[in-house]
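Chain letters run A, B, ... following the sequence lines, proteins first and then strands; every chain starts at 1.
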Amino acid sequence: MSKHTNDEPGEREKAPAPSAPATNFIREIIDEDLKNGKNDGRVATRFPPEPNGYLHIGHAKSICLNFGIAADYNGACNLRFDDTNPVTEDVEYVESIKEDIRWLGFDWDDRMYFASDYFDQLYEWAIYLIKKGKAYVCDLSEEEIRQGRGDFYRDGEESPFRHRSVAENLDLFARMRAGEFPDGSKTLRAKIDMKSPNMNLRDPLMYRIKRATHHRTGDKWLIYPMYDYAHGESDAIEGITHSICTLEFEDHRPLYEWFVRELDLPRPPRQIEFARLNLTHTVMSKRLLLQLVQEKLVSGWDDPRMPTITGLRRRGYTPEALRAFCDQIGVAKADSTVEVELLEHAVRDDLNERAPRVMAVLHPLKVVIENYPADQTDAFEIPLHPEKPEMGLRKAPFGREVYIERDDFREVPPKKWFRLAPGMEVRLRGACIIKCTDVVKDQNGEVIELRCTWDPASRGGAPADGRKIKGTLHWVSAAHALDAEVRLYDRLFNKANPYETEEGQNFKANLNPNSLEVLTGCKVEPSLAGAPPERHFQFERLGYFCTDRKDSSPTKLVFNQTVSLRDSWAKIEKVEEPKAAPKQEAKPAAPPPAGFEPPGEPITIGDFAQADLRVAEVVAAATLPGSKKLIQLTLDLGPLGRRSVLAGIAEHVADPQTLVGKRLICVANLAPRKMKWGVSEGMILAAASQTAAGEHLALVEAPNGKPGERVQ
RNA sequence: UGGGGCGUGGGCAAGUGGUAAGCCACGGGUCUUUGGAACCCGCUACCGUAGGUUCGAAUCCUACCGCCCCAGCCA
């Protein structure tokens, strides 16, 4: 069944069954029914799509529920197309629906049915109801029926045709079928209760005349049954025990039961309703998805940005991920909207296990390794999965020129940056350590090339002297790289709730104009040569990608981004940015003297002069349990009182008690800083120096100063 | 205005009278040749509100509030 994915190296055949299958209120109802001996212990469900659109993730929830329950209760789940309205339905949809369900990993064996299979039976039963005096032919027009139905605060009025004789009804109904009346001129109605507070019971329509060619029955029928009349009976015919549907059908249930009861059908099924799935940043209505397709706002039902099963598949989602997601969201009756993050988590979780790792450079920046001979080549062997040696290795050729990601270089590195920058060392994954020695720019000042040197003693990426190399970059050998197109995707809608719009706008106003970015000229490692369509990979440090099932070929590689890797650097940068940005506006930094490049955000003498430096005597000092770096100091600042300061000096102070009594220098006018262990009300001065033995730190002391005294 | 449902931390969601699981998100840390993964910690929930029953209430009762669905010859 999972042949679509198990041909990939290292991918497992099937997601393991969840250890503890989540229970839900539907399973409880079934347990209860079983306990009461209902249905002879049989459990039968069905998935009943209407073939008028493609399946989406919401349907996946229903599919997993229905097929899942059947499997767990030793029952069966039928596939039944609810094809009672020929004007909107089409074979294209039945084919796509079958393919999607199969791809998801479910099997209906030989139990594929169509409501249209039951048209003859349904017709006979309609006659039975007429004879029973429970149905009548009504000549009212559509508008008249609407009027007669009344509304929430007005009872309906009985149709003047409600009391026709059985004989007349029989005759008229037969002639409706025979085509004696024009479309819409007559209907068959159930005779229930025009005063019912439940609108569904105010003599609902059972049949309407529609001269439309049905995708299965062709022109055999001119009258078609309504959903309400067809569904319960179809369930009963198939012996469905639990007919699971969504909440909006809740008040159809009395009608569902009315038909089954009036027809005296044995094996009456039980309808149970659950809340449909909503997802943030997308729409889940077939009507709106169709609109996106028809207005070419997306490339089709299988556009990788669509929440359709086929779209998710093309995006690189796996059946296993989708099933896991459906397990995690639960089943309940409360309206709910699940965050897409949970869906993304499900693919990451699955692909992390199975996707082979590979390197691809999306925005190439050339690096020339000056001390590497032009005519030399190396081939490093790198594991396909860092935690699964059984997945094997791939060869990554290496030469004097390589590409790295443009984003991995900063001429002026921000704080906490441990990628490449002038003078910085970095590891090329699985290859070696390089150091940036020079930056080549074009006339416009744009960086076009980096000059680096490599450390020949670091082959494979491990430094011979054991020095710590914090940053690791992905790379591709320029001489061996393959070109590829890469499609980056973002959420289809900017807003979590696309329906939330300004006055006069609709959901389309929230479409994300940047939801698709096509990158050409990307460089990928040569082991990707000949990758077949629909193959999943992790591009190291970037995310999960798959070869496009339509556009990629072994000679023209096209990758779709499934989901990015979690990016904690992006978070750090986001936090640092707002702190730095306003400062920059307020005080444009003076140009630094020639030859001096300040690392990070420059500050001015003015900034520094603002510091209120005071002599502070250490009254108490203690390590903080749980923190490797911090020591908590209580400082006496004389007239300024006492301060509690958290200082990051623990690694340099063997015993905090030795600090007690010392007079240090404290910055007294810093805004208090909230930290995990408390609030730090100042900062002490220290001098750090880098030596061969490591970092050395010396506290700046003022042994002769009085606590609180100002230091200039 | 009638009817049918639903309200548990930022999002899902367990819980079924005995003192609030789990997942995602978020924050922190350890480790790391992916700033990935893994692992550890935190997120300290007045269970929509107000009363009541009870030794004890998210669970039972009453009232109120809020949200969703229904007036297709769609499903």
Side-chain angles (χ1 to χ4, degrees), chain A residues 20 22-24 28 48-50 52 82-85 87-89 141-142 145-146 149-156 183-187 189 196-202 205 207-210 224 226-228 230-231 245-254 273 275 277 280 286-287 327-346 348-349 352-353 357 359 382-383 386-387 416-419 427-431 433 458 460-463 469-474 496 538-543 564-572 626-628 675-676:
Chain A
T23 188
N24 57 54
E28 279 171 19
E50 184 192 8
N52 68 344
D82 226 328
D83 55 351
T84 55
N85 185 5
V87 313
T88 54
E89 295 155 8
S141 69
E142 189 167 350
I145 289 180
R146 199 193 330 281
R149 188 152 37 215
D151 51 43
F152 297 154
Y153 29 80
R154 213 181 65 235
D155 286 346
D183 284 12
S185 62
K186 283 183 169 48
T187 55
R189 294 230 252 169
S196 172
N198 182 343
M199 302 293 291
N200 294 117
L201 264 18
R202 320 246 265 223
L205 269 53
Y207 273 92
R208 72 285 214 190
I209 306 173
K210 259 182 210 276
Y224 291 95
M226 300 288 290
Y227 162 86
D228 284 309
H231 203 89
C245 63
T246 43
L247 251 28
E248 66 271 27
F249 291 102
E250 206 147 22
D251 44 19
H252 289 238
R253 192 170 63 225
E273 311 84 12
L277 170 66
T280 57
K286 275 199 268 184
R287 203 188 95 243
D327 278 348
Q328 286 165 27
I329 56 177
V331 179
K333 292 195 71 161
D335 292 317
S336 60
T337 302
V338 174
E339 295 172 330
V340 255
E341 285 83 352
L342 186 57
L343 217 208
E344 294 176 341
H345 164 79
R348 284 200 190 99
D349 206 36
N352 174 49
E353 286 291 310
R357 317 280 128 131
M359 291 190 285
I382 310 176
E387 274 113 40
K416 297 179 186 169
W417 176 264
F418 45 87
R419 277 122 96 151
R427 168 172 32 242
L428 294 182
R429 169 118 246 230
I433 293 165
S458 65
I469 302 293
K470 199 79 157 105
T472 300
L473 308 187
H474 58 278
Q538 186 198 92
F539 288 177
E540 291 209 59
R541 302 210 308 131
L542 296 176
S564 68
L565 246 32
R566 292 192 54 186
D567 185 353
S568 43
W569 164 247
K571 272 180 209 161
I572 295 171
S627 172
K628 266 196 164 179
M675 299 168 83
K676 185 178 171 183

Visitor: What's the gap between B/U62 and B/C43 when it is taken at their P atoms, as a whole Å value?
Guide: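 To the nearest whole Å, 37 Å.
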Visitor: Heavy atoms under 4.0 Å, any strand shown: does A/Phe418 hit a base, just sugar-phosphate, or nothing?
Guide: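 Base, at least one base atom sits under 4.0 Å.
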Visitor: For B/G72 versus B/C60, give the span between their C1' atoms, rounded off to a whole number of Å.
Guide: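 Pairwise C1' distance, B/G72 against B/C60, rounds to 42 Å.
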Visitor: Under 4.0 Å between a side-chain N or O of A/Arg146 and OP1 or OP2 of B/G72?
Guide: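 Yes, because at least one side-chain N or O of A/Arg146 sits under 4.0 Å from OP1 or OP2 of B/G72.
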Visitor: Looking only at atom C1', what distance separates B/A25 and B/G42, rounded to whole Å?
Guide: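 Here B/A25 and B/G42 have their C1' atoms 14 Å from each other.
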Visitor: Tell me yes or no: between the side chains of A/Thr472 and A/Arg429, is some donor less than 3.5 Å from an acceptor?
Guide: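 No pair is found: no donor N or O on one side chain lies under 3.5 Å from an acceptor on the other.
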Visitor: Considering only the C1' atoms, how many Å lie between B/A63 and B/U53, rounded to the nearest integer?
Guide: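 To the nearest whole Å, 15 Å.
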Visitor: Under 4.0 Å: is that the gap between some side-chain N or O of A/Lys470 and OP1 or OP2 of B/U32?
Guide: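 No.
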Visitor: Would you give the length of the straight line joining atom CD of A/Glu344 to atom CZ of A/Arg566, rounded to the nearest 0.5 angstrom?
Guide: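 Rounded to the nearest 0.5 Å, the CD-CZ separation comes out at 11.0 Å.
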Visitor: Ignoring hydrogens and angles, does a donor from either the side chain of A/Glu339 or the base of B/G10 sit under 3.5 Å from an acceptor on the other?
Guide: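 Indeed, a donor on one side and an acceptor on the other fall under 3.5 Å apart.
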Visitor: When only distance counts, do a donor and an acceptor, one from the side chain of A/Asp251 and one from the base of B/G3, lie under 3.5 Å apart?
Guide: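 When only heavy-atom distances are counted, A/Asp251 does reach the base of B/G3 through a donor-acceptor pair under 3.5 Å.
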Visitor: Report yes if a side-chain nitrogen or oxygen of A/Ser568 is closer than 4.0 Å to either non-bridging phosphate oxygen (OP1 or OP2) of B/G36; otherwise report no.
Guide: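 Yes, A/Ser568 has a side-chain N/O under 4.0 Å of OP1/OP2 on B/G36.
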Visitor: Could you tell me the Watson-Crick or G-U partner of B/G35, where both distances fall under 3.5 Å? Say none if there is no partner.
Guide: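 Partner of B/G35: none.
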Visitor: Have a look at A/Thr88 and say if it touches a base, only the backbone sugar-phosphate, or nothing, with a 4.0 Å heavy-atom cut-off.
Guide: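 No contact at all - A/Thr88 keeps every heavy atom at 4.0 Å or more from the nucleic acid.
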Visitor: Please report the distance, rounded to the nearest Å, between CD1 in A/Ile329 and C1' in B/A14.
Guide: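 Computing the A/Ile329:CD1 to B/A14:C1' distance gives 15 Å.
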Visitor: Are A/His474 and B/U34 close enough that a side-chain N or O sits under 4.0 Å from OP1 or OP2?
Guide: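 Answer is no, no contact under 4.0 Å.
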Visitor: If pairing requires Watson-Crick or G-U wobble contacts with both distances under 3.5 Å, which nucleotide is the partner of B/C26?
Guide: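 Pairing partner: B/G42.
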Visitor: Hey, does A/Leu542 reach any base, or is it just sugar-phosphate, or nothing, if we go heavy atoms under 4.0 Å?
Guide: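 Contact class for A/Leu542: none.
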Visitor: B/C73, OP1 or OP2 - any side-chain N/O from A/Lys186 closer than 4.0 Å?
Guide: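 Indeed not, no polar side-chain atom of A/Lys186 lies that close.
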Visitor: In whole Å, measure the gap between the C1' atoms of B/C31 and B/U8 for me.
Guide: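 36 Å, rounded to whole Å.
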Visitor: What about A/Arg541: does its side chain form a donor-acceptor pair under 3.5 Å with the base of B/G35?
Guide: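 By the distance-only test, no, there is no pair.
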Visitor: For the P atoms, the ones on B/C40 and on B/A58, what distance do you get once it is rounded to whole angstrom?
Guide: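 So the two P atoms sit 31 Å from each other.
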Visitor: Would you mind pulling out the nucleotide paired to B/A20, Watson-Crick or G-U wobble, both distances under 3.5 Å?
Guide: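 Across all strands, not a single nucleotide pairs with B/A20.
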Visitor: Nearest of B/U34, B/C24, B/C74 to any side-chain atom of A/Glu540?
Guide: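 So the side chain of A/Glu540 is nearest to B/U34.
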Visitor: Taking atom P in both B/A75 and B/A38, what distance in whole Å separates the two?
Guide: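 Per the computed distance, 46 Å lies between those P atoms.
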Visitor: Under a 3.5 Å distance rule, please check whether A/Asp82 uses its side chain to pair with a backbone N or O of A/His231 as donor and acceptor.
Guide: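 Here the side-chain-to-backbone pair does not exist.
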Visitor: Do any side-chain nitrogens or oxygens of A/Thr23 fall under 4.0 Å of OP1 or OP2 in B/A14?
Guide: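 A/Thr23 to B/A14 OP1/OP2: no side-chain N or O under 4.0 Å.
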Visitor: Starting at NE2 of A/His252 and ending at P of B/G4, how long is that distance when rounded to a whole Å?
Guide: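 In whole Å, B/G4 P lies 15 Å from A/His252 NE2.
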Visitor: Hey, is the side chain of A/Lys210 poking within less than 4.0 Å of OP1 or OP2 on B/C74, counting only N and O atoms?
Guide: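 For B/C74, OP1/OP2 do have a side-chain N/O of A/Lys210 under 4.0 Å.
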Visitor: In whole angstrom, give the distance that lies between atom CZ of A/Arg348 and atom C1' of B/A25.
Guide: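 Taking CZ of A/Arg348 and C1' of B/A25, I get 11 Å after rounding.
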Visitor: Taking A/Ile433's backbone N and O only, do any of them form a donor-acceptor pair with A/Ser458's side chain (distance below 3.5 Å, no angle check)?
Guide: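 Confirmed, A/Ser458 side chain pairs with A/Ile433 backbone.
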Visitor: With a 3.5 angstrom cut-off on both distances, give the Watson-Crick or G-U wobble partner of B/C60, or none if there isn't one.
Guide: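 Matched B/C60 with B/G52 under the 3.5 Å cut-off.
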Visitor: Would you classify A/Pro254 as touching base, sugar-phosphate or nothing, given that sugar-phosphate means primed atoms plus P, OP1 and OP2, and contacts are heavy atoms under 4.0 Å?
Guide: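 Touches nothing.
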Visitor: Can you check whether A/Ile382's main-chain N or O pairs, donor with acceptor, with A/Arg357's side chain at less than 3.5 Å?
Guide: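 Judged by distance alone, no pair lies under 3.5 Å.
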Visitor: Spell out, as yes or no, whether a donor-acceptor pair under 3.5 Å connects the side chain of A/Arg202 to the backbone of A/Gly150.
Guide: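 Judged by distance alone, no pair lies under 3.5 Å.
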Visitor: Taking only the C1' atom of each, what is the distance from B/A20 to B/A57 in whole angstrom?
Guide: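 Looking at atom C1' only, B/A20 and B/A57 are 12 Å apart.
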Visitor: For B/A75, give its Watson-Crick or G-U wobble partner with both distances under 3.5 Å, or none.
Guide: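 Paired with B/A75, as far as the under-3.5 Å criterion goes, is no nucleotide at all.
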Visitor: At under 4.0 Å between heavy atoms, what does A/Arg566 touch on the DNA or RNA strands: base, sugar-phosphate, or nothing?
Guide: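 Since only primed, P, OP1 and OP2 atoms lie under 4.0 Å of A/Arg566, the category is sugar-phosphate.
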Visitor: Whom does B/G66 pair with, Watson-Crick or G-U wobble, provided both distances fall under 3.5 Å?
Guide: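 In the structure as shown, B/G66 has B/C6 as its Watson-Crick or wobble partner.
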Visitor: Rounding to a whole Å, what distance do you find between A/Asp327:CG and B/C24:C1'?
Guide: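 Going from CG in A/Asp327 over to C1' in B/C24 covers 15 Å.
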Visitor: Would you indicate what A/Thr187 reaches in the nucleic acid, counting non-hydrogen atoms under 4.0 angstrom: base, sugar-phosphate, or nothing?
Guide: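 Contact class for A/Thr187: base.
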